[in-house]
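Here is the structure we will look at, set down as structure tokens.
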Amino acid sequence: MIATVFEALYKQQLCPVLHCIIQLMSNLKKDFHREIKRLFNETNTITDKEKKLPQTEIGFHAELSNIIALSSTQTLNFERVITNIGNGYNNHTGMFTATDNGLYFFMASFIPHSGRAHLEMVKNSVVIARGRANGSGSMQAVVKLMIGDVVRCRHWSGSGTETVYKNFSFFSGHLIK
């Protein structure tokens, strides 16, 4: 009889403790699943942000393959493409079109065939650099571009007819970041 009383007391005290342990384990399980979901979503968010970072290499280098007599604001077409990573430079139009947003560096060097030459680098319709040569000339620009913006080299308006020499005149650019 005493054993039965002790057994009953033991069960009465143990049941609430077991109940608390079971409840605690159930809550821990829910918290664990909630934390796993949070970490999974956080990982996906980081991955999505990484995908938005520019991963592409963009750069070109082209030279004149013919002597060009320039008229007012005529675009120079650097026909001989040496490098065109990202296919942003069009050797039929002489224009570079941005295929990614970012900060770009452009450079052009040129030699007049005879006399002098005046060139300017243009982003869309805005002059971003000018160069003048009596022997050789160059111009550089660092500019932020959005997809679809166009950069080109053209003859400086009001300079009269001038001629630029082939093989030593280049236009190049690349994405900095």
Which residues share a side-chain hydrogen bond (donor to acceptor under 3.5 Å, both in side chains) with [X], sequence neighbours left out:
X: N66; answer: none
X: T75; answer: R152
X: N91; answer: none
X: S71; answer: Q74

message: Can a donor-acceptor pair be found, under 3.5 Å and without considering hydrogens, that links the side chain of K123 to the backbone of K144?
response: yes
query: Are any side-chain N or O atoms of E79 and backbone N or O atoms of S65, one a donor and one an acceptor, separated by less than 3.5 Å?
result: yes
- prompt: Run the side chain to side chain contact (heavy atoms under 4.5 Å, CB included) check on I58 and T99 step by step: do they pass?
  reply: CA-CA 8 Å; I58 299 172; T99 56; 3.3 Å; yes
field: Pairing residues for T97 by the side-chain contact (heavy atoms from CB on, under 4.5 Å) criterion, not counting sequence neighbours
entry: V150
query: What residues, two or more places apart in sequence or in another chain, satisfy side-chain contact (heavy atoms from CB on, under 4.5 Å) together with I176?
result: L103, F105, V142, H174
message: Using a 4.5 Å cut-off between side-chain heavy atoms of Ile, Leu, Val, Met, Phe, Trp and Tyr, which other residues end up in the same hydrophobic cluster as I82?
response: F170
- request: Determine which pairs satisfy salt bridge (charged side-chain N to carboxylate O under 4.0 Å, His left out) with at least one residue from residues 84-99, sequence neighbours left out, and list them in order.
  value: none
Pairs flagged by salt bridge (charged side-chain N to carboxylate O under 4.0 Å, His left out) wherever residues 58-74 is involved - sequence neighbours left out: E63-R80
Which side-chain N or O atoms in residues 125-139 pair as donor and acceptor under 3.5 Å with protein atoms at least two apart or in another chain?
unit_1	atom_1	unit_2	atom_2	d
R130	NE	E120	OE1	2.9
R130	NH2	E120	OE1	3.2
S138	OG	Q140	NE2	3.4

query: For the side-chain contact (heavy atoms from CB on, under 4.5 Å) test, which of V151, L175, D100 pairs with L145?
result: V151
- prompt: Looking only at heavy atoms, which two atoms of R154 and V122 are closest? And how far apart?
  reply: NE-CG2, 3.4 Å
message: By the ring-ring contact (aromatic ring centres under 6.0 Å, His included) test, which pairs, at least two apart or in different chains, include something from residues 123-148?
response: none
- request: Carefully, step by step, assess F168 and S109 under the rule side chain to side chain contact (heavy atoms under 4.5 Å, CB included).
  value: CA-CA 8 Å; F168 298 103; S109 62; over 6 Å; no
query: Can you name the residues that form a ring pair (Phe, Tyr, Trp, His ring centres under 6.0 Å) with F60, not counting sequence neighbours?
result: Y89, F96, F171
